[in-house]
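Below: the structure, in structure tokens.
For clarity, every value in this text was computed on a predicted model and none was experimentally measured.
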Amino acid sequence: MLNIVASTAKAHNPEFVQAKRRGSEDNEKWVKRHLKTLAAEEGAKGMSYLVLIGGKQKSYFHTRVAQGHLRNDMSPSHWSHVVLLQGSGPTDKGATWEISLEPAEGFGYPPSDNAVEQAHLANYASKNMYPNIAVMRIPVKLSEMKKTIVQFKKQRVDLDCVELLLLWLGYVWGLGEQTTRCSMDMEYHLRPLSKLCVPPTVMI
């Protein structure tokens with residue numbers, strides 16, 4: 001049985017505001033526009049930012065369905081991926097950290113860094129392939145987050161994300177035994193999200 005605590009909130013969080021794209025604006029430009037706004041707010045200097053992504057690819061779809069096991073109505077999540085920005089606010093390169101099931105530059109050798117990879121927001125610029133996008137500021141200094149990432153890459157004994165990556169790939173690719181195992185132990189396989197400072201209620 002999953003260890004889930006239901007939210008007691010009576011209304012939506014007013015800090016989460018829907019903001020539509022402007023004209024032909026792609027996801028990368030949308031994120032950078034809102035990062036400027038968030039970074040200008042009081043107390044935002046030097047903070048960390050997450051970007052949530054909901055994609056249409058088959059692996060992304062299966063990930064969203066898997067998260068439905070954490071919802072009381074079993075409906076799929078809107079989100080299938082999350083990246084952590086390497087800059088505190090908008091940057092030219094839009095560099096990110098992520099653990100991806102479909103890395104744009106390939107997997108390389110995941111054991112070297114506990115499956116954590118460096119990527120770029122431009123990989124998720126397409127609003128057709130990634131129709132759902134959100135940006136969040138989290139109350140953690142980026143300087144501290146960078147130290148945590150360095151440590152996390154070396155902590156396979158504590159949390160082996162290489163193993164979890166293989167299990168999730170088996171799940172989204174439909175491998176029989178892996179699909180069953182992932183479905184039966186959803187809490188364990190979603191645990192890396194909380195380890196990387198993503199509030200579970202955001203992802204589901």
Side-chain angles (χ1 to χ4, degrees), residues 26-28 30-32 35 48-68 70 76-87 91 93-136 138 142 145-146 148-156 158-175 178-179 181-183 185-186 188-200 202-204:
D26 65 20
N27 288 339
E28 184 179 19
W30 182 93
V31 169
K32 289 183 176 180
L35 279 174
S48 302
Y49 292 86
L50 296 173
V51 176
L52 277 65
I53 298 161
K56 290 183 177 180
Q57 301 95 314
K58 291 181 179 178
S59 64
Y60 279 45
F61 168 77
H62 287 297
T63 304
R64 291 191 290 109
V65 170
Q67 292 177 74
L70 300 180
S77 170
H78 295 292
W79 313 108
S80 46
H81 190 46
V82 60
V83 301
L84 177 63
L85 300 185
Q86 293 190 25
T91 61
K93 295 183 178 180
T96 66
W97 291 291
E98 65 178 6
I99 298 178
S100 176
L101 298 179
E102 293 188 1
E105 287 79 27
F107 286 102
Y109 189 64
S112 297
D113 294 303
N114 202 10
V116 177
E117 303 178 43
Q118 297 194 54
H120 297 88
L121 271 178
N123 296 342
Y124 305 101
S126 173
K127 59 185 179 182
N128 293 321
M129 291 298 294
Y130 308 100
N132 294 344
I133 192 85
V135 59
M136 297 170 51
I138 55 178
L142 183 60
M145 184 65 75
K146 288 180 177 179
T148 300
I149 292 292
V150 171
Q151 185 178 13
F152 184 82
K153 289 180 178 181
K154 302 175 182 178
Q155 286 186 323
R156 285 188 65 190
D158 179 51
L159 181 64
D160 191 344
C161 284
V162 178
E163 177 190 11
L164 295 176
L165 177 63
L166 291 174
L167 289 170
W168 273 105
L169 286 173
Y171 175 79
V172 300
W173 290 348
L175 300 183
Q178 296 293 74
T179 301
R181 181 179 176 187
C182 204
S183 297
D185 202 1
M186 194 62 61
Y188 173 72
H189 300 308
L190 289 177
R191 196 178 304 161
L193 301 178
S194 61
K195 286 283 186 176
L196 291 175
C197 304
V198 184
V202 171
M203 293 302 296
I204 63 176

- Message: For the CD atom of Glu102 and the CG atom of Leu169, what is their distance to the nearest 0.5 Å?
- Response: 9.0 Å
- Message: Check whether Ser80 reaches the backbone of Gly55 with its side chain - one donor and one acceptor, N or O, closer than 3.5 Å.
- Response: yes
- Task: Check the pair Leu52, Met136 against side chain to side chain contact (heavy atoms under 4.5 Å, CB included), reporting the backbone distance first and the verdict last.
- Result: CA-CA 8 Å; Leu52 277 65; Met136 297 170 51; 3.7 Å; yes
- For the atom pair CD1 (Ile133) and NE2 (His78), what is the distance rounded to the nearest 0.5 Å? 14.5 Å
- Query: How long is the gap from NZ on Lys127 to CG on Asn132, to the nearest 0.5 Å?
  - Reply: 14.0 Å
- Message: Distance check, rounded to the nearest 0.5 Å: Cys161 atom SG versus Lys153 atom NZ?
- Response: 12.5 Å
- Name the orientation class of the two ring planes belonging to Tyr130 and Tyr124 (parallel below 30°, tilted from 30 to 60°, perpendicular beyond 60°). perpendicular
- Minimal non-hydrogen separation, Gln155 against Gln151, with atom names: CG-O, 3.2 Å
- Query: Hey, are the side chains of Trp173 and His62 touching, using non-hydrogen atoms and a 4.5 Å cut-off?
  - Reply: no
- Should the pair Tyr60 and His81 be assigned to parallel (<30°), tilted (30 to 60°) or perpendicular (>60°) ring geometry? tilted
- Note on the structure: Per side-chain contact (heavy atoms from CB on, under 4.5 Å), Glu163 is matched among Leu167, Leu159, Leu166, Leu165 by Leu167
- Query: Is the closest side-chain heavy-atom distance between Asn114 and Ile99 below 4.5 Å?
  - Reply: no
- Item | Nearest non-hydrogen partners of Pro103 and Ser100, listed with the distance | N-OG, 3.3 Å
- List the atom of Ala66, the atom of Tyr171, and the distance in Å for their closest heavy-atom pair. CB-OH, 3.6 Å
- Message: Whether the side chain of Asp160 engages the backbone of Val162 through a donor-acceptor N/O pair (distance < 3.5 Å, no angle test) should be reported.
- Response: yes
- Under the side chain to side chain contact (heavy atoms under 4.5 Å, CB included) rule, what do Asn123 and Glu105 come out as? Steps first, then yes or no, please. CA-CA 10 Å; Asn123 296 342; Glu105 287 79 27; 3.9 Å; yes
- Task: Scan Asp26, Ile53, Thr96, Asn27 and name whichever one has a side-chain contact (heavy atoms from CB on, under 4.5 Å) with Leu121.
- Result: Thr96
- Query: Taking all non-hydrogen atoms of both residues, which atom of Met145 and which atom of Ile138 are closest, and how far apart?
  - Reply: CE-CD1, 3.7 Å
- Carefully, step by step, assess Trp97 and Val83 under the rule side chain to side chain contact (heavy atoms under 4.5 Å, CB included). CA-CA 6 Å; Trp97 291 291; Val83 301; over 6 Å; no
- Please report the closest heavy-atom contact between Leu142 and Leu85, naming both atoms and the distance. CD1-O, 3.7 Å
- Message: Distance alone, cut at 3.5 Å: any donor-acceptor contact between the side chains of Gln118 and Gln86?
- Response: yes
- Query: Where is the tightest heavy-atom contact between Tyr49 and Gly87, given as atom of each residue plus distance?
  - Reply: CD1-O, 4.3 Å
- In sequence, state the C-alpha distance, the side-chain angles, and the governing distance for Asp113 and Phe152, and then conclude on side chain to side chain contact (heavy atoms under 4.5 Å, CB included). CA-CA 8 Å; Asp113 294 303; Phe152 184 82; over 6 Å; no
- d(Lys56 NZ, Ser126 OG) to nearest 0.5 Å is 8.0 Å
